[in-house]
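In what follows, a single structure is set out as structure tokens and then discussed.
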Amino acid sequence: MAPAEVLSGKVVSAQVRERLKKQVAEMKEKFPGFTPGLAILQVGNRDDSNLYINMKLKAAAEIGISANHIKLPNTATEAEVLKCIASLNGDPAVHGFIVQLPLDSDKPINTEKITNAVAPEKDVDGLSSINAGKLSRGDLGDCFIPCTPKGCMELIRQTGIQVTGKRAVVVGRSKIVGAPMHDLLLWNHATVTTCHSKTSTLAEEVAKADILVVAAGKAEMVKGEWIKPGAIVIDCGINHVPDSTKASGKRVVGDVAYATAKEKASYITPVPGGVGPMTVAMLMQSTVESAQRFLEKFQPGKWNIQYNQLTLKMPVPSDIEISQSCIPKPIDQVAKEIGLLPDEIELYGQTKAKVHLSALKRLKNQPDGKYVVVTGITPTPLGEGKSTTTIGLVQALGAHLHQNVFACVRQPSQGPTFGIKGGAAGGGYSQVVPMEEFNLHLTGDIHAITAANNLVAAAVDTRIFHELTQTDQALYNRLVPSVNGVRKFSEIQIRRLQKLGISKTDPAALTKEEVNLFVRLDIDPATITWQRVLDTNDRFLRRITIGQSPTEKGFSRTAQFDITVSSEIMAVLALSDGLDDMKKRLGRMVVASSKRGEPVTTDDLGVTGALAVLMKDAVKPNLMQTLEGTPVFVHAGPFANIAHGNSSVLADKIALKLVGKEGFVVTEAGFGADIGMEKFFNIKCRYSDFRPNVVVLVATVRALKMHGGGPAVTAGIPLPKEYMEENLQLLAKGCSNLSKQIQNARLFGVPVVVAVNAFKTDTKAELALVVQLAKEAGAFDAVECTHWAEGGKGAVALAQAVQRASQTPSNFRFLYNVELPVIDKIRIIAQQIYGASDIELLPEAQEKVAVYTKQGFGNLPICMAKTHLSLSHDPEQKGAPTGFILPIRDIRASVGAGFLYPLVGTMSTMPGLPTRPSFYDIDLDTVSGEVNGLF
């Protein structure tokens, strides 16, 4: 018979690669931005491993696969390798993942444990027990097959001979080749016998084979005369035998005696050049197959998220009952669903997690999603439901319209939670859950701010005390002590010297005058603006005297406590775009002026680094979820009067990357559009460089009636009939406030969708009137919402309107140029946003304008601190007042956060408790551990 036809692995593998190259190109064309990803994890630096890896990287590049080579040192421990594997398992950009064997580590590592740690759906080497088990059961479409057996099957197919019904013999039983080869042939309907080195009748068994696959690892073990005439022979062996004719003194042979075997076989693979080239080609094919499976399950940029089904009840139970009736998904599952990697989250129990800023670095090239801000008409005691609308809207966009969507909301203070307001997690069937976790300590961010703020306060008074009681030299010796005979400046002290214009770095080189400048901040106690804080409503701390102890040697002064969320550190947290930016902002915070009129900063006090340490975890956004399972970032909660009243830039930034180009990020601005929204645009968007797509303006019939002149209401007392019965005239008059707030939003060039938050007492005519007048005032659309009672289902019309509005051009613009004089910026806000005819600066405010301009702070944005209950400075003036003069009694600076805040009228930054605080209704079930009460 004629000699066997040679099955060239080089030729076949080249054909496979060309086919894969076309498939990858089609994938990329169909799914722009998508690329199949392969990760190769290597431990150590073996030369043979490096060679094999380079072959794989070259093949991947040729085909268009994005290959990433991760190299751990040979000192890597098993735990370190497993951690790396966990990260790659969770990376949605990695579709194929192999661990290069053998592991070249000085530490003991269990290879089987390592290979089994690779996610089965990414195990393109097919070495995990799960893939091996699936192969042995015949689940060929749901597993990965080791590359060498897969390559062997491809070569057999090239012969055109059907495997079905043929007798196959596999010589070798290794986990990598022999055993899976047996299973693969069996499930391709061959009758299979496995032999090995201990098989006593090996020659007889080989002689029966129509298909012979040899992977024994012994040079020319199978003789040509054993082979059945016409058999297909696949030789997987690679062995070196002595050969004096070769320069190396050896040559490569297979497990089959090739010269004699090819005379009897019909097809045979050469060694080298047979099975070897196929192994890499099959690895690439498995990676492409894995990417195809990924695309079948997940659309790139589309989350594969499990939504929770609501069981709606009527009447609607209390918020806490609804929250506790829901079983939230494990928060690590939520993180995985939205594309966060395991090492990018830090779990705080089952329902909360911190998200590391490394996620932002990984996602930096991702396009941003659409940006939506929820605001409201001027607030009333009747409530508008901004938080509820925010959550209802994201539940509608996510669970009902299947869009990638993130809610980004502020963390509430415990002061109002236990005072008069209750919680801020939304309400009804539109909530962040668990609401008791949301409303209480969460992950401790507010406590970190309290500690950091009070450290600054202690540093201020302590520095004044020490400067009053010590000489320059004594201060210098203590500030720059000798340690083991060596004195040196710390990094923060070097910065202070540079600020003073002193370039010396040797503590011994300073003159007496320079020492005096260095050690004396000369804080003027009358100018101290930094107060101590506490996250509790306690009116008796609004004014206190400190320094009463005899140890303070007569240094006492009047001070006060503010509530923690009013601390500038909270505003700094909310406006920082990273850890480095936060540290710089913390260092720029001005706490007082010196007696020479110069600003004294936290950096001057030497406390910047300590503040950054206290805040290093707080800077990470907190991940939670809604009742319907959509993701929520809860991060930062600055006051909406003396600060800007918006959640963090970092949370929004990460969320915008995670949702992708077609997704939505919905955030909420505090108070009405004249306060929270204006600051969102002029401060938050200015610093973050975000460009919003849509404004959602929340209104209720009841609140609009109050703006139309409806009677005052008192908590706990039944509403007057004006709010319970139809009154179109009163409602139409109150819609002046709605119209003004729509106009305010449009000043910034952003389309407005009005959400009419419906109550059961509203009539169809009243709801229709609000919708009509909103559209006449310039709203893109206005829709009725019932999300409090129905969850996301009740906000689907709103979500659809937001989708449509987001597709229209957004001509976003700021209201003013920060380079304008301070007075002009205040006047623009007062006239264009509030409706004032002009402003009046009282003497103290005039003085501050001069001081801050001189100190170089005049080009900061403006953060107006005025009542939220009216567009004017008078909380009793409802509707849309005009023609009033806005009085500015004082101006203060939050230099670290980055704004000046003019004070309009009087207000307290330490709320008090009412006669009957909400804590009366809060209790703990000591058996179940559940929180009871009304949040």
Dump the intermediate steps for ring pair (Phe, Tyr, Trp, His ring centres under 6.0 Å) on Phe406 and Phe633, then the final yes or no. CA-CA 7 Å; Phe406 232 114; Phe633 272 141; 4.5 Å; yes

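- For the pair Arg691 and Tyr371, the cation-pi test (distance below 6.0 Å, angle within 45°) is failed.
- Side-chain contact between Lys878 and Asn737 is absent, with no heavy atoms from C-beta onward closer than 4.5 Å.
- Note that the SG atom of Cys863 and the NZ atom of Lys679 stand 3.5 Å from one another [nearest 0.5 Å].
- Counting only N and O atoms by type, the side chains of Ser647 and Thr667 include a donor and acceptor under 3.5 Å apart.
- Side-chain contact check for Ser290 and His95: no donor-acceptor pair (N or O, by modelled atom type) lies under 3.5 Å.
- Counting heavy atoms from C-beta on, the side chains of Pro621 and Ile654 come closer than 4.5 Å.
- No side-chain heavy atom of His400 sits less than 4.5 Å from a side-chain heavy atom of Tyr307.
- Within a 6.0 Å radius of CZ in Arg746, other residues, nucleotides and ligands contribute 12 heavy atoms or fewer.
- Residue Thr375 holds its OG1 atom at 6.5 Å from NZ of Lys386, rounded to the nearest 0.5 Å.
- For residues 800-809, the pairs satisfying side chain to side chain donor-acceptor pair (under 3.5 Å) are Asp781-Arg804, with sequence neighbours left out.
- Of the inter-residue distances, the one linking Leu623 atom CG with Asp332 atom CG reads 10.0 Å to the nearest 0.5 angstrom.
- Other residues, nucleotides and ligands contribute only 12 or fewer heavy atoms inside 6.0 Å of the CD atom of Gln350.
- Remark: Lys684 engages Asp652 in a salt bridge, criterion side-chain N to carboxylate O under 4.0 Å.
- Taking the six-membered ring wherever Trp is involved, the centroid distance between the rings of His868 and Phe639 does not fall below 6.0 Å.
- Ring centroids of Phe681 and Phe812 are separated by less than 6.0 Å, placing the two rings close together.
- In summary, Glu346 and Lys620 engage in a salt bridge, as defined by a charged side-chain N under 4.0 Å from a carboxylate O.
- Residues Ser358 and Glu344 have side chains that never bring a donor and an acceptor to within less than 3.5 angstrom of each other.
- Checking Asn622 against Lys354 by side-chain atom types alone, a donor-acceptor pair falls below 3.5 Å.
- Side-chain contact of Thr700 with Asn757: a donor-acceptor pair under 3.5 Å is absent, judged by distance alone.
- Relative to the ring axis of Phe814, Arg686 places its NZ or CZ within 45° and under 6.0 Å from the centre.
- For NZ of Lys28, the number of neighbouring non-hydrogen atoms (other residues, nucleotides, ligands) closer than 6.0 Å is greater than 12.
- Residues Asp368 and Lys653 are not paired through a salt bridge, judged by the lack of any N-O separation under 4.0 Å between the basic side chain and the carboxylate.
- For Lys302, the NZ atom counts as densely surrounded, since its 6.0 Å shell holds more than 12 non-hydrogen atoms of other residues, nucleotides or ligands.
- To the nearest 0.5 Å, atoms NZ (Lys297) and CG (Asn304) are separated by 8.0 Å.
- Taking the centre and axis of the six-membered ring of Phe780, the NZ or CZ atom of Lys775 falls outside the cone set by 45° and 6.0 Å.
- No side-chain heavy atom of Tyr723 sits less than 4.5 Å from a side-chain heavy atom of Val701.
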